[in-house]
There are 2 protein chains.
Amino acid sequence: MARRKDHTHEQIQTLAIESLQQHLAEQPLGNMSLRKLAQRIGYSPGTLINVFGSYDQLLLSVNAATLDSLSAQLTLQPAAEQQENKQQPLQRLLAYGQSYLQFAEQNRYLWQLLFEHRLPEGEEVPDWQQQRIDGLFHTVEQALTQVAPQANAATVQQAARTIWASVHGVCSLSLDDKLFADSLTDAGAMIESLIRNYVMAWSNQADV
Amino acid sequence: MARRKDHTHEQIQTLAIESLQQHLAEQPLGNMSLRKLAQRIGYSPGTLINVFGSYDQLLLSVNAATLDSLSAQLTLQPAAEQQENKQQPLQRLLAYGQSYLQFAEQNRYLWQLLFEHRLPEGEEVPDWQQQRIDGLFHTVEQALTQVAPQANAATVQQAARTIWASVHGVCSLSLDDKLFADSLTDAGAMIESLIRNYVMAWSNQADV
DNA sequence: ACCTGAACACCGTTCAAGT
DNA sequence: ACCTGAACACCGTTCAAGT
């Protein structure tokens, strides 16, 4: 049998991605499979391969959406606080770090997939992914530039990446309980300590 | 057929672990399987399950060994430098961070397995693993105590974990090229900047 | 043209049957 | 007692055959 045409390819993509996201809201990727996903949305495994090219690319599509919602959560700040923080870039960086942690905690399986999914063997983080990541860095760079206007672009860029990767490391080990027992509460304090101390010393020393 | 008894269970464990380590020196875990591993060492898949309990526990055994060699590389320092650094805990922390990065770069697939392997669903990082991790933290804590003798134990402990997780984050994103293009060289600089700035501000502020 | 479902080459695990 | 190898329930992917 064949010939259903109930949905366009685009609609099938949306169905599959949303179904997988729904699964990852509660369970890790390991409990899902291309076959199960196909069954969930009422198509055969072959159709999903047709539409996405491969299971790996389906996962990449979910990661694209995850990067977008991460980006949305990070840039979203209550209007009142934005006003307040206009002259307080350090506060903004601290809030940024906490938002990142919050996102990781609230979307742990999406987050795991985003950082642990490896492309088959080839190269190339896709362009759109690198661009989205660059956008996230950019916000950090803006805040750092305000903190240390005398610093040159390369220095700011490196500091932004350092802060970012550090916060990421705390979140990563904390979510996996690979740091200590009571990680949920302490991770926030560690990120605060990390950003506050790093920015303080960095701004006093950067390109003076 | 059956009844070989060419090796004791312990010998089979060693054979399997070494064979997997050899594989991970060049290729990611995904290219290996229990069945391939069994074939490599001349036994059936069932035997490996008998000896290790499951494929997962075999992987855990490799991780135990990885933690040991990581620990060995970190505590190993040239005698001359040890002398030199006796009064320079910051230098020791910097060297520690670089050693960590070096280990991750030189053993990327072992390192990936160590941090990405998840226990089936249950709880419990095994005791021996937590103890080994605690030992690694302890070295960092010792150096921090020298930097800020006035700080209390809890503060030092948190700072040690913060530094550790941060360095880990830089290594992790750097190895996956998820930070930027030229990661190999810059990761070292980022770790240096990270430790130097954090420790500087932290020591001035901790429990004064 | 689109989709299916059987087929292919795998996977970790179990366990009756051999020695 | 120890090990095997077939069997089981999966997996991602391919592709001839249907509509």
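In the text below, chain A, chain B and the rest are named by the order of the sequence lines, each starting its count at 1. In this text, all values refer to a predicted model and were calculated from it rather than measured experimentally.
With dG12(D), dT4(D), dT13(C) as the candidates, the nucleotide lying closest to the side chain of Thr47(B) is dT4(D). Distances were taken from every side-chain heavy atom of Leu34(A) (C-beta onward) to each of dT4(D), dT13(D), dC3(C); the shortest belongs to dT13(D). Closest contact between the side chain of Arg35(B) and the listed nucleotides dG12(C), dC11(D), dT4(C) involves dG12(C). Nearest to the side chain of Ile12(B), among dC3(D), dT13(D), dG5(C), sits dC3(D). Here the nucleotide nearest the side chain of Lys36(B), chosen from dC11(C), dT13(C), dC3(D), is dC11(C). The Ile49(B) side chain lies nearest to dG12(C) when the options are dC3(D), dT14(D), dG12(C). When each of dT4(D), dT13(C), dT4(C) is scored by its nearest atom to the side-chain atoms of Tyr43(B), the top-ranked nucleotide is dT4(D).
Distance Asp6(A) CG to dC3(C) C1': 11 Å, rounded to the nearest Å. To the nearest angstrom, P of dT13(D) lies 12 Å from CG of Asn50(A). Between the C1' atom of dG12(D) and the CG atom of Asn31(B) lies a distance of 15 Å, rounded to the nearest Å. Atom pair Leu29(A):CG and dC11(D):C1' shows a separation of 13 Å (rounding to whole Å applied). In this entry the distance linking CD of Gln57(A) with C1' of dT13(D) reads 13 Å, nearest Å. Rounding to whole angstrom units, OH of residue Tyr55(B) and P of dG12(C) are separated by 6 Å. Per the geometry, CG belonging to Leu20(B) stands 15 Å off C1' belonging to dG12(C), to the nearest Å. Rounding to whole angstrom units, CG of residue Leu37(A) and C1' of dT13(D) are separated by 15 Å.
Under a 3.5 Å cut-off, the side chain of Thr75(A) and the backbone N or O of Ser71(A) do form a donor-acceptor pair. Put simply, the side chain of Arg118(A) gets close to the backbone of Glu116(A): a donor and an acceptor are under 3.5 Å apart. Of the possible polar contacts, none joining the Lys178(B) side chain to the Ile133(A) backbone as a donor-acceptor pair under 3.5 Å is found.
No more than 12 heavy-atom neighbours from other residues, nucleotides or ligands sit within 6.0 angstrom of CD on Gln39(B).
Counted by atom type alone, Tyr198(B) and Ser193(A) present one or more donor-acceptor pairs between their side chains at under 3.5 Å.
Within the 4.0 angstrom heavy-atom criterion, only backbone atoms of the sugar-phosphate kind lie near Ser33(A); the bases stay farther away.
Nucleotide dC10(D) forms a pair with no other nucleotide shown, judged by Watson-Crick or G-U wobble geometry with both contacts under 3.5 Å. When Watson-Crick and G-U wobble pairs are counted only if both distances are under 3.5 Å, dC15(D) pairs with dG5(C).
Of the two residues near DNA chain C, Met32(B) and His9(A), the one whose nearest nucleotide lies more 5' is His9(A).
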